[in-house]
Structures are given as structure tokens and as C-alpha cells.
Amino acid sequence: MSDRTVADVLMKAARAAGKAGVKGRPPLSSTAKSPKKDQGKELALAETKQLGLNDAMEELRKKQSEFDPKRAAFWKETEQVPFIFLARALDMISNESGRLVITEILCNAFRTVIATKRSDLLAVVYLSANKVAPAHEGVELGIGDAAIIKALADAFGRKEDQIKSQMKALGDLGLVAKASRSTQRLMIKPTALTCVKVLETFRFIAKESGKESQDKKRARIKALLVAATDCEPQYLVRLLQAKMRIGLAEQTVLAALAQAAVLSEHPPVLPAQLEDRLDEAVQIMKRTYSVLPIYERVIPALLDEGISKLPNVCDFTLGVPIGPMLAKPTKGVSEVLDKFQDLVFTCEYKYDGERAQIHYLEDGSVEIYSRNAERNTAKFPDVIASLIKFKKPEVTSFVLDCEIVAYDRETNKILPFQVLSTRSRKGVIISDIKIQVCLYGFDLLYLNGKALLQEQLNIRREALYNSFVEVSGVFQFATATTSNELDAIQEFLQDAINHSCEGLIVKTLEKDATYEPAKRSNNWLKLKKDYMDSIGDSLDLVPIGGFHGRGKRVGVYGAFLLACYDEDADEYQSICKIGTGFSDAMLEERSESLQKNIIPKPKPYYRYGETLGVDVWFDTVEVWEIKAADLSISPVHRAANGIVDPNKGISLRFPRLLRVRQDKSPDQATSSQQVAEMYRAQHINHHPANGNNEED
DNA sequence: AACTACTGCCC
DNA sequence: GTTATGC
DNA sequence: GCATAACGGGCAGTAGTT
């Protein structure tokens, strides 16, 4: 089969389709954004027979000052909120790009729920935020594109291959679902979906496990799809994918929720105060959720007590993960000095491991949470067992912010992230552990019954230093300096890198130095070698394959397969895919240019992993400069195969496009020898278990 | 029992 | 994780 | 500056298949 024809046809089809339904980029083709309420209207009238639906939905468009919550309800107040109400609201939002308007529509929808069926607000918010449960509860759908494709084929009586090729063309399974709507009319119309029912089904899907669980999950999805009408299939699928793609995500949901609470108050807020109250409410809601990310707690409290009293009822709770504070990237020491001009600050090593937030409760129990609030407690029983050794006896409760790093206690050296990631993740037993870890503590958020979030970093850090003792290779404080001289910082950065760290985190100490949960704060700056221009690994590589874009990248390539050139064997060896660093214009240019160089099948002198699933192959014509943070041994890529590892190639960590090298031809690309040399130059600390005879 | 594709979650 | 983009 | 949505490598765990 010829890849060219398939690829070409799909690409053209996508362009012709004008990329309706996914926003973010002014479409290549000039099809104007046509309001699509017209289409929805007919479908709704024909199918749902819910008279008043369209009028009701029209109400949602109104400004919040003119909006009448009950007029937007087309169901009886005793009934559960229909799913189509939310789906239509989301569809309305998909046609908007302004965040204010999006927030307003969602706010109106929430107000209607509050005014009619308050008990459904929780489900409606969960669906709006595209979540199934709090992150730390570990509820997983276990449904990906492959499973959805099967379910769609099943529900609409289509062939999987057909769905797949339509997926390539439309770039979104939600749109495929929309296009698949069953033509046959059902004899008995299924009962309308409700938000509660949909959320409940998602939770059932998550619970399904073991033999034939995939069939059971698929059956549940099918049932939802069959019962769905109008735009419901599209949004069901997008919810299952956890990709809403309509410019709405959790932060906006929180804002809308806060505003809806204010606007639902009795007596109504005076117009003169309204704007301030709304802004304040949004801040309160975001802050509350950042320290207590559990809708089951926040929403009832919001409904019962109102937004103003929310902080009194919903506060940080030991055992519940706080959103970790994040750092802003900076390009160099001078930018850091610039941003922290007159402030006192400190520099800490940025360790290359995984972020951990450790909760130690009064009863001695422990929870360990990841950067994304996943409960990792069962992954680190060794950490829990060692707590007692580095915690001072007078410490009865704490929340520690730290980095867990793979560590070789023989050589006292930090091991690479790739080693850490090989640790088992579930139900780990201490005696089975092969990779030891060291904790690097850098912040203390809670101590002996008292939250420290509001304290400045110097206070929190003092508390940290006073509460724990270092145990070499088990628990150490993040290496820090308070020097504020450019040269000294530069040197400290080099020290960090020499000690197997990624770079530095620079933090304000005394002023503007509170812990800002869940924020990428300006008070923490990260400084990595590869952020700096003219420093860090950069390679000149050849695009040899393309992958059809999804979402806002439909109609262009979303990613490319890159290769280096092996001079000895005269072959191109895949080294990584690349999908970031392109401006929209650049991505279009490169897509268009490479499309002219499509070849029907890969050249015999291309080396690559078969599992990559390349959509389209290109002749070697261009050279792109790519920046990366590190080089790694790869299970799929083939660069420098046989040079560093007998059976494996080399790949790049965090690859991104810098620019197109118009001055270079493909055979002048970075050579496999150079790639191998760059890999060796990293001076990686090898784990003893991996260093010896692996393959003999 | 070994392999593979898929999924979720680290970075 | 990095990056680009619209508001 | 914030929020969102494109996209990266690579690992363990799981379900299904050979």
C-alpha cells in the first residue's frame, strides 16, 4: 500500500474540512468561523423533542446581569440535570475564544443548576473540569484512543479502520463521534442522559478491571453513545479522552463556579459591589481549591456557607495534597538578577528526580504525593521506613516538600532520572527494592499542627532545618547558597550540574516569599543549562517522517521523526520525534515543504523502530537545529546504535525545534559518532546493577 | 510463558 | 517536561 | 501573566494474544 496516496488524501481532506470544531489557530483555509447553533437547533428539535431546549440554551448566552437562571432550565426542578444541557453549553463555549465569555457561559450554566437541582452541581462541575475523582484517589478510566475507537465502531456499526482514517483526517475522535451519529432511528428512544448518570458511568468504567474488563468498559461506553443525541456523542468522547479542546479547563471552571456562587446569593449583591465581589470570589475559590482539591468538600461548603465563608470551612487538611508550587523558567543568571533586583534570594540545586510531598500525621501514618497529587505512598515504603531516622523526635506532624532521587550509596552519587523511573510503582516491598533513593528536602509547609504556607521562605526553611537531621544518602537538605553575585551564581550552577543536577531553583527568601500552592510563581525561578542560548546540547537533524496533527494541528503535521546521519554506514538513524518549538507559521511552512518530498515507503537506509507508527515518510531534504536537555539510551530509536550500547540507540530528552538550518544539507547533519560523543560527555553515574555484563 | 499494545504518569 | 498563542 | 493546548522520552502495570 502506498503511504503517499493515503497521506495525501487525508491531508487534503482535512484542509478541505476547514478544521471546524477545534479552536486555537486561525485556520489555514480561510473558512470563517461559522456559528453552528443553526445545525444544533434542527437536530435538537428533530431528535430530542425537548421543546424549549433551544430557547433555554439561548438564555445561557446572555450577560450575567441579564441572565435568568430558571429560564435556562428546560427540565422539571425535581429532575436531574440532563447531560445535553452541559453538552450544549460546552458546544457554545467551543465557538468562543475569549476567556471572559467562556467563563460567563459556564457561570450561567452553573447558576441554572444551583437554581434548580443543587445536588447535581457536584456532577456538573466534575464533568466541566473533566475529572472523575480527586487526583489523589487514583481513579483511572483506563480508556485511551484505541478503546474509544473500538467503542465507536461498536456503537455506530462502523469498521475500526474507517474510524481510524477518519481520525487522521479530522484530528479528533470527538469529531469522529459527531460524524458517526447513527442514521438509523431507534424504535424506542432511550431515556435521556443526565450529568449524574454520565459521571456515575465513568466511575463504573474506572472500577472495571481484570479479565474481559476491556469488553465491559466498552459496553458501558457504547451504552452512553447509543443513548446520546445531538452534540452529546462528541462531548462524551472528549470527556473520555480527557481532552476537551474548547479552551475550557479547570482554572476557568473554578472561576465560573465562584462567580455563580456570588450571583446565586440571596439577597442579591448590590450592582455597585458586584465586580469586586466577583473578582474576590474567584481568588478565594482558586486559593481554596489549591489547598483542598476535593470538590466533594468544596462544593457543599460553597452551597451551604457561601463563598465568603469558604476559607473558614475549607482549609488545608493534613493528609490531603496541596498543589505544589512551581518555578518559572529563566534564560540565564542575568535574567534572574534582573527579576530579583533588590530582593534577598537563595539558590538551590535542582535535583533530577521526582517531586514528593510527604504528609506525616499525628497518628504516625504517612502519605506521599506526586507533583500531580497522585498518591505514591505505596511506591516508597523505604522512604516511609526511614522517616524516623531523619525526623527529630519532637516533630509530631509535617508536610515536607522534597525531591526523591535515585542514589547509589556505595559511591555516594546521584543516579539519573531514567534509573529512578525503573522502580516498581505499586505495592512495593522494601526487601525487593533494587534502586535506593535519597530525599532532598527544600521546603516545609506544615509543622506540628501549624500550616507554614503564609510564612516567608527563610522562616519555613529554618523550621525545615530545625525539624530534620541529615542522614547521608537517605535524607539531605537541598544544597543552597545565598550568594547574590553573578559570578558566584554562575559557579554554583556549574557545581549543581557537576553534581548530577539539572540546574538551580532561585527563590526569594524574606519578601514575596510565601508558599504559593499550585502556582507557577514568580518567586521561584528555574535555571537550567539548556535554557541558555548558546549553551546546552543542540543537534542538526533530518526530518524523515511525519505524524498527522490532532486538534488545532489538524491539516498539518503534528510531529516529525528526526534522524542523525551515520557516515560509516551511510544511513539515517532515528533519534527522536519533534513536536514543539514551531510557531504556527513555521509548522505550516515545514508541513507544506515536506509534503512535496513524501516518498511512498521509507528508504532502505533509514533505521527506526517499527512501533513508531510513522504516518508519512520524507526524502532527506531539510536540516533542523534541535535543542535537548539530555541524551538517553532508547528502546526505540536507533541513533548511534552499537556505539554506546550494543543493541540500543540514543534519543533526546525534551527535544524542541530551534530553527531550520538552510545552510546545511542532510549529509552534513550531526553524525552518529557525534551523538555518541555527546552522550559520553554527560558523565552519567551508572548504577552498579546496570554497569556490568548485561548481555552475554 | 512470552510477547504486544495500550494506558497512565513521571519527567 | 517545552513551547506558542490569545486574551 | 495566565490559561490552554499542541507536542517530546520512557518507564511500570495491565489486559489481551500468541
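Just so it is clear, the values below take in all heavy atoms, side chains as well, and ignore hydrogens, waters and symmetry mates. The chains referred to below are lettered A, B, ... by the order of the sequence lines, with proteins before strands, and numbering in each begins at 1.
As rounded to the nearest Å, B:dT4 and C:dT5 have P atoms that lie 40 Å from one another.
Checking the phosphate oxygens (OP1, OP2) of D:dC11, a side-chain nitrogen or oxygen of A:Q418 falls inside 4.0 Å. Under 4.0 angstrom from either OP1 or OP2 of C:dG1 there lies at least one side-chain N or O belonging to A:R371. Note on A:K379: every side-chain N or O is 4.0 Å or more away from OP1 and OP2 of B:dG8. The side chain of A:T580 contributes no N or O atom lying less than 4.0 Å from OP1 or OP2 of C:dA4. The phosphate of D:dA3 (OP1 or OP2) has no side-chain N or O of A:T252 nearer than 4.0 angstrom. At the phosphate of C:dG1, OP1 or OP2 sits under 4.0 Å from a side-chain N or O atom of A:K350. Between A:K286 and D:dA3 there is a side-chain N or O to OP1 or OP2 distance below 4.0 Å. One finds no side-chain N or O of A:N372 lying less than 4.0 angstrom from the OP1 or OP2 phosphate oxygen of B:dG8. Listed pair A:R520 / D:dA3 fails the phosphate criterion, with no side-chain N or O lying under 4.0 Å from OP1 or OP2.
Proximity note for A:S97 (side chain, C-beta onward) versus D:dG9, C:dC7, D:dT4: the nearest is C:dC7. Relative to the side chain of A:D584, the nucleotides C:dT5, D:dT4, B:dC11 differ in distance, and C:dT5 lies closest.
Ring pair A:H548/A:Y557 is parallel by interplanar angle, where below 30° counts as parallel and above 60° as perpendicular. Classification of the A:W624-A:F582 ring pair by plane angle, with boundaries at 30° and 60°, yields perpendicular.
Counting only residues at least two apart or in different chains, salt bridge (charged side-chain N to carboxylate O under 4.0 Å, His left out) contacts with residues 415-433 of chain A comprise A:D382-A:R423. Sorted by first and then second residue, the salt bridge (charged side-chain N to carboxylate O under 4.0 Å, His left out) pairs involving residues 523-536 of chain A (not counting sequence neighbours) are A:K331-A:D533, A:E502-A:K528, A:D530-A:R656.
When the nearest nucleotides of DNA chain C are assigned to A:G581 and A:L100 by heavy-atom distance, the more 5′-ward of the two goes with A:G581. Taking for each of A:E403 and A:G144 the nucleotide of DNA chain B with the nearest heavy atom, the 5'-most of the two is the partner of A:G144.
Rounded to an integer number of Å, the gap from NZ of A:K243 to P of D:dA3 is 20 Å. As a whole-Å value, the separation of A:R99 CZ from C:dG6 P is 13 Å. Between the CD1 atom of A:I626 and the C1' atom of C:dG1 there is a distance of 16 Å, rounded to whole Å.
Residues satisfying the salt bridge (Lys or Arg N to Asp or Glu O under 4.0 Å) test with A:K379, not counting sequence neighbours, are A:E354. Residues passing the side-chain contact (heavy atoms from CB on, under 4.5 Å) test with A:A281 are A:A258, A:V262, A:I307, sequence neighbours excluded. Among residues two or more places apart in sequence or in another chain, the ring pair (Phe, Tyr, Trp, His ring centres under 6.0 Å) test is passed with A:F340 by A:F345.
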Query raised in the report: What does nucleotides 12-18 of chain D look like as a protein-contact string, B for base, S for sugar-phosphate only, - for none, at under 4.0 angstrom between heavy atoms?
Result: SSSSS--
